[in-house]
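This report concerns only the one structure given below.
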Amino acid sequence: MIKLKGKIGIGFICSTYNSTLSTNHTIILKNLNKKNVIKCVNRNLEDLIKLLELSKNLGCKIFRLGSQFIPFASHPNFNKNWFKEIEKIIIDYLPEIKKYNIRITMHPGQYVILSTDNKKILKRSLTELRYHFWVLEKLEVDQNGIVVIHGGGEYGNKLKAMKNLIKNIENNKWLKERLALENDDKIYNAKDILELCQCLNIPFVFDYFHHQIFFSQINFKEIFKTWGYRIPEFHISSSGGSKYKHGDYVNIKDFKDFIKTFQRDLTDNIKRIDILLEAKKKELAVRKLILGLKNEKYLLV
DNA sequence: GCAGGTCAAGTCTAC
DNA sequence: GTAGACTTGACCTGC
């Protein structure tokens, strides 16, 4: 049995539970102008520093940056020249951000779809992804800074949709620098996503909660292989009442069960695995999990 | 200051 | 044919 000592890094997503700190401060479309965007970016950066500080104090190793970090960055009404000014602002904050040495990743919303054969939807999705890549590049995040999306729609023919997804990624090879795919709870299960990731040679972000809802037979050794030299990122949440809803916290039992599902497939060359808690109570969920694991604290990095 | 209404986008399901 | 869920709150308006 391979020991897990110091292998698991955890983290929370986007904001604090009560949103006093958030990397998702935004505006509504009709207020889209340079002044408002710059104001939002500054606010998001200021809060990002505080969220990294909080993460560090909790012992977290990973943080998900909000997708609205630059509001409407991929919208046609967004003036591309604004990026120059935003870049300057990011550079000002950069030394402080890098100081924490916390892995930063991103997860664009449900409207980013690469399985489509609709040119307009594809174009919009690629623009949105390009913006996410731009942010991570400007934050000087290394290749562990992935951008994870779901498989998208199936349009009544899943095989055709999967082929579309492969074609659209192969036609835009720049995506392979950071793009990762995640299993969902209704359309693309872990087996589907593993096949896609193997075919495309991109990482597979395994979501334990979705896997419980939409189960399929998978081999974790193969999932780890898709990560190559990168640190794997996995997601966990517990049920929050109804079937698909994320809970406030992550149950200790769910966390331990998750570890058990992949523990025997770990190899010595995997030095760390990051697990993002997709729990509504964010940092409180992290704290509760750490407390719950205190007798097995050796698990966490 | 606060409560309630509204908010870019796509897909799928239920009615 | 269309409203609502999904997600995930956060912003804005009107009082």
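Remember, predicted model here, so these are calculated numbers, not experimental data. Residue numbers start from 1 in every chain, and the chains themselves are labelled A, B, ... in the order their sequence lines are given, proteins ahead of strands.
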Report yes if a side-chain nitrogen or oxygen of Ser22(A) is closer than 4.0 Å to either non-bridging phosphate oxygen (OP1 or OP2) of dA10(C); otherwise report no. yes
Between dT6(B) (C1') and Lys30(A) (NZ): distance, integer Å: 10 Å
Same-atom distance (C1') from dC11(C) to dG10(B), integer angstrom: 23 Å
Using a cut-off of 4.0 Å on non-hydrogen atoms, how would the nucleic acid contact of Ser125(A) be classed: base, sugar-phosphate, or nothing? nothing
Looking at His210(A) versus His150(A), is the centre-to-centre ring distance below 6.0 Å? yes
Separation of Leu276(A) atom CG from dT8(C) atom P, in whole Å? 12 Å
For a quick check of understanding: with a heavy-atom distance under 4.0 Å over all strands, which category does Asn118(A) fall into, base, sugar-phosphate or nothing? nothing
Using whole Å, what does the distance between atom P of nucleotide dC7(B) and atom CD of Gln68(A) come to? 15 Å
Under 4.0 Å from OP1 or OP2 of dC11(C): is there any side-chain N or O of Arg43(A) that close? yes
Considering only atom C1', compute the distance from dG4(C) to dT6(B) and round it to an integer number of Å. 15 Å
Atom-pair distance (CG on Leu29(A); C1' on dC12(C)), nearest Å: 14 Å
Base-pairing mate for dT8(C) - Watson-Crick or G-U, with both contacts under 3.5 Å: none
Does Tyr111(A) lie flat on the base of dA9(B), that is, centres under 5.5 Å apart and planes under 30° off? yes
Anti or syn, where syn is a glycosidic angle within 90° of 0; which label fits dT8(C)? syn
Would you call the rings of Phe234(A) and Phe224(A) parallel, tilted or perpendicular, where under 30° means parallel and over 60° means perpendicular? tilted
Spacing of Ile28(A) atom CD1 relative to dA10(C) atom C1', expressed in whole Å: 11 Å
In Arg230(A), Arg103(A), Lys7(A), the residue satisfying salt bridge (Lys or Arg N to Asp or Glu O under 4.0 Å) with Asp274(A) is Arg103(A)
Which nucleotide in the set dG9(C), dG10(B), dA8(B) lies at the smallest distance from any side-chain heavy atom of Gln110(A)? dG10(B)
Under 4.0 Å between a side-chain N or O of Asn31(A) and OP1 or OP2 of dC12(C)? yes
Applying the 3.5 Å cut-off to both distances, the Watson-Crick or G-U partner of dA3(C) turns out to be dT13(B)
Between P on dT11(B) and CG on Asp185(A), what's the gap in Å once rounded to a whole number? 17 Å
Does Asp117(A) come within less than 4.0 Å of Lys160(A), counting only side-chain N to carboxylate O? yes
Applying a 4.0 Å non-hydrogen cut-off, can you work out what Tyr155(A) is touching in the nucleic acid: base, sugar-phosphate, or nothing? sugar-phosphate
Separation of dG10(B) P from Ile121(A) CD1 (nearest whole Å): 5 Å
Categorize Glu154(A) for me: base, sugar-phosphate, or nothing, with a 4.0 angstrom heavy-atom threshold over every strand shown. sugar-phosphate
Checking base pairs now: Watson-Crick or wobble, both atom distances under 3.5 Å. What partners dA8(B)? none
Does dC11(C) have its OP1 or OP2 closer than 4.0 Å to a side-chain nitrogen or oxygen of His25(A)? yes
Could you check His107(A) against Thr26(A) and say which one's nearest nucleotide on DNA chain C is further toward the 5' end? His107(A)
Taking the six-membered ring for Trp, are the ring centroids of Phe206(A) and His211(A) within less than 6.0 Å of each other? yes
Could you work out the separation of dC12(C) and dA8(B) based on their P atoms and round it to a whole Å? 11 Å
Using atom P of each nucleotide, how far apart are dC7(B) and dA3(C) to the nearest Å? 14 Å
Pair Leu179(A)-Ile146(A), side-chain contact (heavy atoms from CB on, under 4.5 Å): steps then yes or no: CA-CA 6 Å; Leu179(A) 192 74; Ile146(A) 52 151; over 6 Å; no
In whole Å, what separates the C1' atom of dT7(C) from that of dA3(B)? 22 Å
Ranking dT11(B), dG9(C), dC12(C) by distance to the side chain of Ile113(A), first place goes to dT11(B)
Test the Lys281(A)-Tyr17(A) pair against the cation-pi criterion, namely NZ or CZ under 6.0 angstrom from the six-membered ring centroid and within 45° of the ring axis. no
Whole Å only: how far is the CZ atom of Phe78(A) from the P atom of dA9(B)? 18 Å
